[in-house]
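Notes to accompany the following structure.
We name chains A, B, ... by the order of the sequence lines, and we start the count at 1 in each one. Side chains included, hydrogens not; waters and symmetry mates left out as well; all remaining heavy atoms used.
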2 protein chains.
Amino acid sequence: MDAERPELPPQVALLWGRRGPARRGRTSGLSVEAITQAAIRIADAEGLGAVSMARVAAELHSAPMSLYRHVDSKDELLLLMSDAALEGAPELAGADWRERLTSWAYAVLACFRRHPWYREIPISGPPVGPRNLEWFDRALAALADTGLPEGEKVLVVTGLMPVVHGQARLSIDLAAGYEADPEAFGAGFAHALATVVDPARYPALSRVIASGVFGPGGPGGEDTPPEGYDDFGPEFAFALSCYLDGVAAFIARTTSQR
Amino acid sequence: MDAERPELPPQVALLWGRRGPARRGRTSGLSVEAITQAAIRIADAEGLGAVSMARVAAELHSAPMSLYRHVDSKDELLLLMSDAALEGAPELAGADWRERLTSWAYAVLACFRRHPWYREIPISGPPVGPRNLEWFDRALAALADTGLPEGEKVLVVTGLMPVVHGQARLSIDLAAGYEADPEAFGAGFAHALATVVDPARYPALSRVIASGVFGPGGPGGEDTPPEGYDDFGPEFAFALSCYLDGVAAFIARTTSQR
DNA sequence: GCGTTCAGCGTACGTCATACGCTGTTTCGC
DNA sequence: GCGAAACAGCGTATGACGTACGCTGAACGC
């Protein structure tokens, strides 16, 4: 099987550890995996901004330019990180597809939380690394007993990804913002709104403000960290629940036609 | 009213053009707005990576360091851009809340499309700039005739934001990825999957692949640009529709209890 | 044994954000 | 009206960044 491996694009081959080993030359003291793991350690400890080629090399007691024998560019390193940082996808527990998809979504969020820098890496193509595909597989598996055709399962899962990714990004961004400037949230936010919002220009928002939603006693009014800071709050639960309500209706429509 | 303006946080004041004018010293040839608009022009033409202080200054026939008389840092410039690039929020047409929210979502996506770099700017706090608040106001206004209390309106809108933002980010990322490497999509993707996916490790994904969804003739199988490249495709319509189905159920539950 | 291929890395370059401080202009307070 | 303070513009400089280029020594294939 391995000997008959058809040709893969370079980056796919890289993600799967299938760039052929060197056939001549000195043996290597570095490896793609070691470089990737060092980069992830640095990012986890200090954020993605701290991941420079020089810093990764120092972590490995090498010179920066030696990294380029193993990865073509920093972008390539980021791509490797975007797969390797995803921990193995859990087997999902749950009595039905809805519980399992909910469990999947929260597991994705938790993973993003453990690597908050993950959201800063742009997605450059369809998921193709081993870990990314694992998570994709588990989400599809959650829908196994719905009776949906395979194409529709893909639609449900690819529709869920922006929901989860968007939520992950927003909640982590806001958590970082709160840490940097807590005064911008809660009462400080309410105060700023009250100051700048002109009812003529913002009529609906003015009504919300007048209702006290952003003030003391309102659900967004306390000087608490934003949703996502230390727990998964109601906003994500609401959005996920609404999406899954829609999926449930879609499943009912689709399977009742067969 | 203006004379009695209570104190605002510095960045809020900046976003609202309320840093006090200079009271002494030479008159200024630059302005926050000119700097921001120059930065947006460059980003629109060449992407966010091209926006350096030196480049913005050159666009204005100034020296890079003179920008710092008007903005504290490049981060502050990015914050300004993140509000100024949002065009005025449209008045939403539609017979009911659902049509108006759908219209809102597509208008947000279209705006992101015109400024693809927008997604790369981290969100640092709750929306507080004039344009961001305008869009927030319009989404709230779309729910005016639902009978929902104000707090619940906020929940629906804040639940929708990650859906739209997540979709915008993903679709623009993928469009950029396709432009860089079209072979990674369509048949190339299907081929890579067939090569690397082991049914023992990826059972559900293997079934999807075997069904031909990613192959020729399948909905994802043609060598077409990914969703979002030149039009809004079915994935976003599906996700949005599911979310709104859930919102409809939420509205029915909430308003039937009153 | 020789030529080719390989890993490690020194040197160098252009680019970046921004600290520091000089110069000239404008306003404020006495 | 004058001097001091405040201001804008920007030159100089610094440390940091990613990476091109090429030298050196090690390992392999013929």
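Ring to ring, A/F236 and A/Y106 are close: their centroids are under 6.0 angstrom apart.
Below 30°, between 30° and 60°, or above 60°: for B/Y178 and B/F185 the angle between ring planes is above 60°, a perpendicular geometry.
Note: CD1 (B/I35) to P (D/dG9) measures 8 Å, nearest angstrom. Rounded to a whole Å, the CG atom of B/L77 is 14 Å from the C1' atom of C/dT18. A/R69 has its CZ atom 10 Å from the C1' atom of C/dT5, to the nearest Å. Distance CD (A/E46) to P (D/dC17): 11 Å, rounded to an integer number of Å.
Side-chain N/O atoms of B/R26 and base N/O atoms of C/dG24 include no donor-acceptor pair closer than 3.5 Å.
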| task | Carefully, step by step, assess A/K74 and A/L67 under the rule side-chain contact (heavy atoms from CB on, under 4.5 Å). | result | CA-CA 9 Å; A/K74 185 173 172 186; A/L67 302 189; over 6 Å; no

| message | Is there a side-chain contact (heavy atoms from CB on, under 4.5 Å) between B/M53 and B/L77? Walk through the geometry before answering. | response | CA-CA 9 Å; B/M53 302 305 270; B/L77 176 58; 4.2 Å; yes

| Residue pair B/I40, B/W117: steps toward the side-chain contact (heavy atoms from CB on, under 4.5 Å) verdict | CA-CA 9 Å; B/I40 290 171; B/W117 50 268; 4.0 Å; yes

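Taking 4.0 angstrom as the limit, B/S28 places a side-chain polar atom (N or O) nearer than this to OP1 or OP2 of D/dG9. For D/dC7, the OP1/OP2 oxygens have no side-chain nitrogen or oxygen of B/H70 closer than 4.0 Å. For the pair A/S66 and C/dC9, the criterion of a side-chain N or O lying under 4.0 Å from OP1 or OP2 is met.
Expressed to the nearest 0.5 Å, how far CD of B/E46 lies from CZ of B/R55 amounts to 4.0 Å. Here the CZ atom belonging to A/R201 is positioned 4.5 Å from the CD atom belonging to B/E134, to the nearest 0.5 angstrom.
In this structure, the nucleotide among D/dG9, C/dA7, D/dC7 sitting nearest to the side chain of A/A22 is C/dA7.
For B/R169, the side-chain contact (heavy atoms from CB on, under 4.5 Å) partners at least two apart in sequence or on another chain are A/R169, B/R119, B/D173.
When each of A/L80, A/L14, A/L30, A/T36 is tested with A/H70 by the rule side-chain contact (heavy atoms from CB on, under 4.5 Å), just one qualifies, namely A/L30.
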Might you list the N or O atoms of the protein lying below 3.5 Å from N or O atoms in nucleotides 27-30 of chain C, with each pair's distance?
from	atom 1	to	atom 2	distance (Å)
C/dT27	O3'	B/R23	O	2.6
C/dC28	O4'	B/R24	NE	3.1
C/dC28	O4'	B/R24	NH2	3.4

Can you check nucleotides 18-20 of chain D for protein contacts, nitrogen or oxygen pairs under 3.5 Å, and list what you find?
from	atom 1	to	atom 2	distance (Å)
D/dG18	OP1	A/K74	NZ	2.9
D/dG18	OP2	A/M53	N	2.9
D/dT19	OP2	A/Y68	OH	2.7
D/dT19	OP2	A/K74	N	3.0

